[in-house]
Every structure is written in C-alpha cells, then in structure tokens.
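The residues of the chain are indexed from 1 along the displayed sequence.
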Amino acid sequence: MREQIEGSQAIAKTIAACRPEVVAAYPISPQTHIVEALSALVKKGEIEGCEYLNVESEFGAMSACIGASAVGARTYTATASQGLLFMVEAVYNASGLGLPIVMTVANRAIGAPINIWNDHTDAMSQRDSGWLQLYAETNQEAADLHVQAFRIAEELSLPVMVCMDGFILTHAMEIVDVPEAEDVARFLPPYEPRQVLDPANPVSIGAMVGPEAYTEVRYLAHHRQMQALELIPKVQKEFAEVFGRDSGGLVRPYRIEDADTIIVSMGSVLGTIKDVVDERRERGEKIGVLGITSFRPFPTEAVRDALKDCRRFINIEKAFSVGIGGIVSSYCRGAVRGMGIENFEVFAGLGGRPITKASLHGLLDASAQNTLEAQTFLDLDRELVDAELAREAASRLSGPLAENIVRDSYARSDAALAHETGN
C-alpha cells in the first residue's frame, strides 16, 4: 500500500509482512524506530506467532537470533555502528553456522570520535564476515530488499544484511509502496530450514574443526556466496513479477550506454549523483552512473560488463580503509584489470558530511580537466588539517586530535561571526 511514511516505519511494516517468528534487538540510533515499531506490532498481536525478545545488548541480540534460527525460526534483528561491532563475534558465528538471519544495518559512522551520522564504515568493517550485503538507494528499495533478503537467505542458508543509510533513509518521510502481506506470502514461502536442531534427531552445530577440514569449510562458505550471484537476479525477476516493480539485483546502471565516465557508488547518494549526471548530460557530456546493490557477494562480472566501454570510472565511497584507501574501488579495479580503464577514488560523506551537487560538479570538472587526483577526500578542509599537523610537529604533547580539530573549527567560526558582526 502506498503511503507517506518514515523509512523506519516502512521497514517495520515490511518485516511484519514477512512473518518473522523471532525478533531479537537492542536499540541504537538510527535503527531504533524500526525495532520500536516491531515491538509495538508484536504487542498488538499483528505479527502472528512472533516472539519479541528484549535483550541486554547487541551481542545478546545476535546470540538470541543464532539460537532461534538454529531451531528453525525465521529470525530478524537490526543494528548500527558500535552495536554492529559489539555483536561481531556472533556475526561471524551466524554466517559460519549457515543460519539465514536477516539484519537491517542502519549505516552509521564508527567512533572514536563519537559520531552518530551516516557513512558506510560499520557495514564495511564486516565485509569479510560471511554475510551477504545488499545496499538500498531509496526507502522503497530498502523495503523491497528486505522481502528479497529473507528469500535469498533461506534458499542459501546464509545470513543477509540489508544496509540503508542512517537518518538519510531511516528517518526520511516519503511515499513508499509498503509490501502487502498477501503479496509477500505469494513471493516468500514458509521457512523450511536446511538444518535444524531437533531432539528427535540430535546433531552438533558449531563443532570444533581442525586444520584437516577448516580450509574445505571456508571454501564451501565462499562457494555458497558465489551461488548468490545467480540467485539474486533470479529473485529480483520474480519479485518484479509479483510486485510489479524492479528492485534489487546485483547492479543498477543509469545512462551508461555511451558513457566515457561512469561514477560508481552505493546507497542513498546515488540519487544526488544521478541528478548531477542528468545536468551534465544536458551539456553534452557522456557520463553515467553504476549503482552497486550487492556488495557481498561482489558482482565482478556485472561490474566488468558495465564498465568495459568507458574511459574512466570514479568510485564515490562513504568509507575507506585507513592506510590504503578505497574499498569498493579496489574490487572494481580488479573487475576491469588489464582493460586500461582509469580509476579514481573519492571519499565523501564521511561522518554524515553533506555530499552536495556543487561539490560533485567540482569533482567532475576536475575529472574533465584531467586534474582529479587518484585519491580525493571530497571537501577536505586543508586549513584544519594543516593546523593539526603543525601542532603535532611543534609539540609531542599536542593533545587529542579530534578535540583539536573541533576546537579549531569552532574558533574559526567564532572569528568569522565576530568579523561579520563587527564584535
């Protein structure tokens, strides 16, 4: 049903339509509204046969999900940022055990310093955890991806993260066609686990595996993720047949047919990028966008096919690997290795900094003029950076970096205000 609704509320209603049997969650911004809404729906009896578990921590939430999934329950949770880090041991256990848990990650920066705003650092930190990762561009796609996530998870017996940008999507009010329970029931069959703990047929899960078999276990985990590269497009097609709209898939190309330059990114920033590309297309520039929906497994062949005819591609990333740089861009470069295509890494929106059309236009101007650096931190304030570097060079007791940067920033703002007001 189409309605004006907050993103988090739309996700809660969508999860309810998927008929979970156990929801275990611990609140943390910006996912709190999702689990609050689900709690209310369970209390009202609007999710038949569902048990909502109030746990003491994020680690407890994932541990409870592991137990519930192991006995054959359709299971859901949600988290963000530090909460995801707190449950990491159990996150790896869930995938290692092959349990089809679905989890919303309301993407948020990781501290220190403390930051509650959006970037992709949290989910990126778990890129090797064995979970599938699907990234939503809009709240409509976020809702649709959750329905598909249960189907994918349960067919493969692997857990799936659906990543949606914190606050930008979770707290945005917009029109969403929330999946109806009847349509979801047609698309998502009752859960039939591949493995289940049953007293009548006792088995062990999570057994000790030594060197003689561990490599084979890890290989099979990788093999199962590779199976998702075929399953995800199949599920996308079937979803479109039932719901009448196209969501999900591996990648989402936009105006790339004749593009010399293609911008590659994930998540909600794709909307702004597409607006900028439309404006530059009107100027006659051959430019397009490639949105990556499935980051894990990474769709190497689909990315290669999308980029094969361009001269350069620019990765705009909302996270980066300290000490080396681009994360998504490294996989994209691998996809087109040997094809002679230029690649540029741009880190943007870190800690929730706005990614504006003006900044993107400036970036593309630099690209057109061949002055874009191989690695660029979009809108980096060199004055603040240089001041801190000078402070560190002058004194070993230079103080905490983050606090120094904030203090310098406020001092500069106060000075500018005083100049404007004449005080």
Side-chain angles (χ1 to χ4, degrees), residues 2 5-15 17-18 30-31 33-35 37 76-81 84 102-108 117-124 126-127 131-153 159-179 184 187 228 232-233 235-236 239-240 243 245-254 264-275 289-299 302 316-319 328 349 352 355:
R2 288 172 58 84
I5 190 170
E6 184 196 62
S8 294
Q9 302 295 319
I11 300 307
K13 287 188 173 185
T14 300
I15 297 301
C18 292
Q31 62 87 310
H33 290 182
I34 299 173
V35 296
Y76 170 82
T77 189
T79 194
S81 187
L84 179 59
V102 171
M103 174 166 64
T104 306
V105 177
N107 294 118
R108 172 188 142 184
W117 292 274
N118 165 252
D119 65 27
H120 292 164
T121 309
D122 51 2
M124 284 291 158
Q126 300 308 303
R127 60 188 180 273
W131 285 60
L132 278 67
Q133 289 192 10
L134 307 177
Y135 283 77
E137 177 183 346
T138 65
N139 278 331
Q140 182 65 68
E141 187 171 41
D144 296 346
L145 283 176
H146 280 85
V147 179
Q148 295 177 56
F150 279 105
R151 175 79 172 272
I152 294 164
V160 179
M161 294 182 195
V162 179
C163 303
M164 58 186 299
D165 287 343
F167 295 110
I168 298 172
L169 294 183
T170 58
H171 288 57
M173 295 289 295
E174 58 186 10
I175 294 175
V176 177
D177 191 349
V178 180
V184 174
F187 175 79
I232 290 171
V235 169
Q236 173 193 22
F239 181 91
F243 291 88
R245 58 179 177 270
D246 186 24
S247 293
L250 298 173
V251 297
R252 312 286 291 181
Y254 181 76
V264 183
S265 197
M266 303 192 305
S268 61
V269 71
L270 286 165
T272 306
I273 295 172
K274 289 176 181 178
D275 288 344
V289 185
L290 181 65
I292 296 178
T293 303
S294 171
F295 177 65
R296 279 293 187 271
F298 190 78
I316 295 182
E317 306 202 43
K318 298 180 79 171
V328 182
I355 303 174

What pair of heavy atoms forms the shortest contact from C163 to A123, and how long is it?
-> SG-CB, 3.8 Å

Which residues share a salt bridge (Lys or Arg N to Asp or Glu O under 4.0 Å) with D246, sequence neighbours left out = R252

Sequence neighbours excluded, which residues qualify as salt bridge (Lys or Arg N to Asp or Glu O under 4.0 Å) partners of D122?
-> none

Salt bridge (Lys or Arg N to Asp or Glu O under 4.0 Å) contacts in which one or both residues fall within residues 132-143, not counting sequence neighbours | E137-K274

Residue list, side-chain hydrogen bond (donor to acceptor under 3.5 Å, both in side chains) with D144, at least two apart or on another chain | Q140, R245, S247

For S265, all residues meeting side chain to side chain contact (heavy atoms under 4.5 Å, CB included), sequence neighbours excluded | V269, L270, I273, I316

Sorted by chain and residue number, the side-chain hydrogen bond (donor to acceptor under 3.5 Å, both in side chains) partners of T138 (sequence neighbours excluded) come out as none

Results of side chain to side chain contact (heavy atoms under 4.5 Å, CB included) for A143 - residues two or more places apart only = I11, T14, V176, P179

Check whether any side-chain N or O of T170 sits under 3.5 Å from a backbone N or O of Q31 as a donor-acceptor pair, and report yes or no.
-> no

Pairing residues for T104 by the side-chain hydrogen bond (donor to acceptor under 3.5 Å, both in side chains) criterion, not counting sequence neighbours | Y76, H146

Not counting sequence neighbours, which residues clear side-chain hydrogen bond (donor to acceptor under 3.5 Å, both in side chains) with Q126? List them please.
-> none

With F295, which residues qualify under ring pair (Phe, Tyr, Trp, His ring centres under 6.0 Å), at least two apart?
-> Y331

All side chain to side chain contact (heavy atoms under 4.5 Å, CB included) counterparts of A228, not counting sequence neighbours = L132, L156, I232, P297

Could I get the full list of side chain to side chain contact (heavy atoms under 4.5 Å, CB included) partners for A172, not counting sequence neighbours?
-> N139

In terms of heavy-atom contacts, K318 and G349 come closest through CE-O, 4.3 Å

